[in-house]
Number of protein chains: 2
Amino acid sequence: MIRVLIADDEVMIRSAVAALLSLEDDIEVVAECADGAQAVVMAEKLKPDICLLDLEMPELDGVQVADRLRTTLTATRCVVVTRHARPGVLRRALASGVSGFLPKSRSANEIAEVIRRVMAGARYVDPEIAADALSDERSPLTERELDVLRAGRRGEATSQIARSLSLAPGTVRNYISAILAKLNVATRQQAVLLAEERGWI
Amino acid sequence: MIRVLIADDEVMIRSAVAALLSLEDDIEVVAECADGAQAVVMAEKLKPDICLLDLEMPELDGVQVADRLRTTLTATRCVVVTRHARPGVLRRALASGVSGFLPKSRSANEIAEVIRRVMAGARYVDPEIAADALSDERSPLTERELDVLRAGRRGEATSQIARSLSLAPGTVRNYISAILAKLNVATRQQAVLLAEERGWI
DNA sequence: ATACGGGGATGACATTTGTCATTACCTAAA
DNA sequence: TTTAGGTAATGACAAATGTCATCCCCGTAT
């Protein structure tokens with residue numbers, strides 16, 4: 001029996017996938033979690049064989065969960081599922097020791113198969129995303145520039161961003177100016193939208 | 001046998017829900033569609049009893065699909081499912097003749113039950129959203145103000161918005177100023193975020 | 001040792017935005 | 001008929017934003 005933990009903040013998809021997986025003879029769903037923090041706690045308690053993690057979750061995202069479990073639960077393998085599968089995200093996921101990666105644009109039936117493969121020791125990365133990842137879309141922004149972009153992703157004013165990062169307002173404006181030049185867009189909001197699309201933030 | 005059409009752009013949830021519904025003795029999934037336009041075509045061809053429509057879809061959203069089917073297929077009832085269930089959206093949905101409305105924060109097993117109730121002639125609206133809708137969250141913005149907000153939702157500059165709406169730049173700034181005051185936020189981006197959250201645009 | 005890139009800051013400048021007063025036109029209530 | 005309210009525009013002003021040059025401090029690769 002493969003013991004599986006499922007984490008996804010969207011109840012409908014979580015319960016649907018859990019129900020489907022439970023129908024498989026060799027799979028047992030041992031936990032359903034609504035966010036990343038809960039997933040970490042439950043995983044450490046139940047020590048499942050496989051964690052099926054949604055990428056977009058409150059508190060901790062799927063990759064962050066995998067990253068934490070890597071050190072504490074060496075026997076547990078993680079499979080990350082995401083709505084918008086961007087190459088940048090795949091890179092981050094693989095760096096965090098994720099064993100499987102598939103987009104929600106795949107059919108639910110395929111999940112069981114991926115789980116079995118990963119259980120058998122293989123790594124499974126969705127072929128389409130893997131191909132995309134080769135046509136390198138790495139972020140041209142530095143860590144700090146990304147921090148600034150993240151801090152301003154909800155339309156915060158320069159002064160707010162400066163406060164939350166403990167920077168001078170002028171410095172923030174310098175970073176934003178550099179970001180706009182690198183991404184070749186005209187406004188902060190467009191920069192945020194572009195970076196979100198590409199999976200850089 | 002209740003004949004059901006499912007439309008959702010997210011393959012994983014669509015296939016999972018379809019598989020689960022197919023397990024029910026009295027339900028038959030006759031079509032799976034990836035977008036609204038396709039849903040309209042298939043519905044008119046197959047004349048299902050119930051259309052289970054995702055709200056967030058490319059081309060036509062779930063409410064728009066229901067609106068079209070209302071005139072052409074009077075016997076077909078529509079159930080709309082959405083990720084972020086906002087009162088404003090519910091209002092729009094009911095105005096379009098939708099018979100059922102439930103958020104994805106409900107479990108997948110409940111879908112079959114809702115389908116049966118709607119099939120029996122009842123209207124089903126998720127109780128939580130219905131309660132929210134009473135604490136009126138209608139948009140305080142005028143049609144034109146919404147146009148401006150929509151035109152600028154991707155961080156377009158004032159001059160761009162003005163061009164795309166054939167307005168003077170100053171007029172656009174006046175509208176934006178009014179929007180910020182009404183929504184009590186400090187930047188365009190925050191106004192866009194708020195309006196999107198509330199289902200106003 | 002030194003050149004380079006990242007992080008952090010300042011000051012100056014030009015634009016863009018947001019605010020406000022004021023005007024005008026039109027339509028639908030009262 | 002008067003009164004609102006929505007749409008559209010101008011002009012003026014203040015504040016925020018984007019751009020640039022220039023400076024400093026570090027660490028590391030040459």
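Everything numeric here is computed off the predicted structure, so don't read it as measured data. Here is the naming used below: chain letters follow the sequence lines, and residue numbers restart at 1 for every chain.
For the pair A:L180 CG and C:dT15 P, the computed distance is 17 Å after rounding to whole Å. Here the P atom of nucleotide D:dG6 and the CG atom of B:L167 are 16 Å apart, to the nearest Å. Look at CD1 on B:I161: it is 13 Å from C1' on C:dG18, rounded to the nearest Å. If you measure from atom CD of B:Q189 to atom P of C:dT16, you get 19 Å, rounded to the nearest angstrom. As rounded to whole Å, 8 Å separates atom P of C:dG7 from atom CD of A:E143. Computed from coordinates, the B:Y175 OH to D:dA9 P distance equals 8 Å when rounded to whole Å. If you take CD1 of A:I176 and C1' of C:dG7, they are 16 Å apart, rounded to a whole angstrom. The CG atom of B:N174 sits 13 Å away from the C1' atom of D:dG6 (whole-angstrom rounding).
Position along DNA chain D of the nearest nucleotide to B:T171 versus A:A186 favours B:T171 as the more 5'-ward residue. Mapped onto DNA chain D by nearest heavy atom, B:T142 and A:A157 fall at different nucleotides, with B:T142 at the one closer to the 5' end.
Not one side-chain nitrogen or oxygen of A:T158 sits closer than 4.0 Å to the OP1 or OP2 atom of D:dA16. One finds a side-chain N or O of A:R144 lying less than 4.0 angstrom from the OP1 or OP2 phosphate oxygen of C:dG8. Neither OP1 nor OP2 of C:dT17 sits under 4.0 Å from any side-chain N or O of B:T187. Residue B:R188 has no polar side-chain atom (N or O) positioned under 4.0 Å from OP1 or OP2 of C:dT16. Within the 4.0 Å cut-off from OP1 or OP2 of D:dG18, not a single side-chain nitrogen or oxygen of A:S177 is found.
Remark: side-chain polar atoms of A:D54 are not paired, donor with acceptor, to backbone N or O of A:M57 under 3.5 angstrom. With hydrogens and angles ignored, the 3.5 Å screen pairs a side-chain donor or acceptor of A:E145 with a backbone N or O of A:T142.
In this structure, B:A181 reaches neither bases nor backbone, as no heavy-atom distance under 4.0 Å exists between it and the strands shown.
Residues A:S15 and A:E32 come closest through the heavy atom pair CA-OE1, 4.1 Å.
Salt bridge present: A:R106 and A:E128 bring a charged side-chain N and a carboxylate O closer than 4.0 Å.
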For side chain to side chain contact (heavy atoms under 4.5 Å, CB included), just list the numbers for A:E10 and B:I13, CA-CA rounded to whole Å, side-chain angles, deciding distance to a tenth of an Å, and then say yes or no. CA-CA 10 Å; A:E10 212 160 298; B:I13 195 164; 4.0 Å; yes
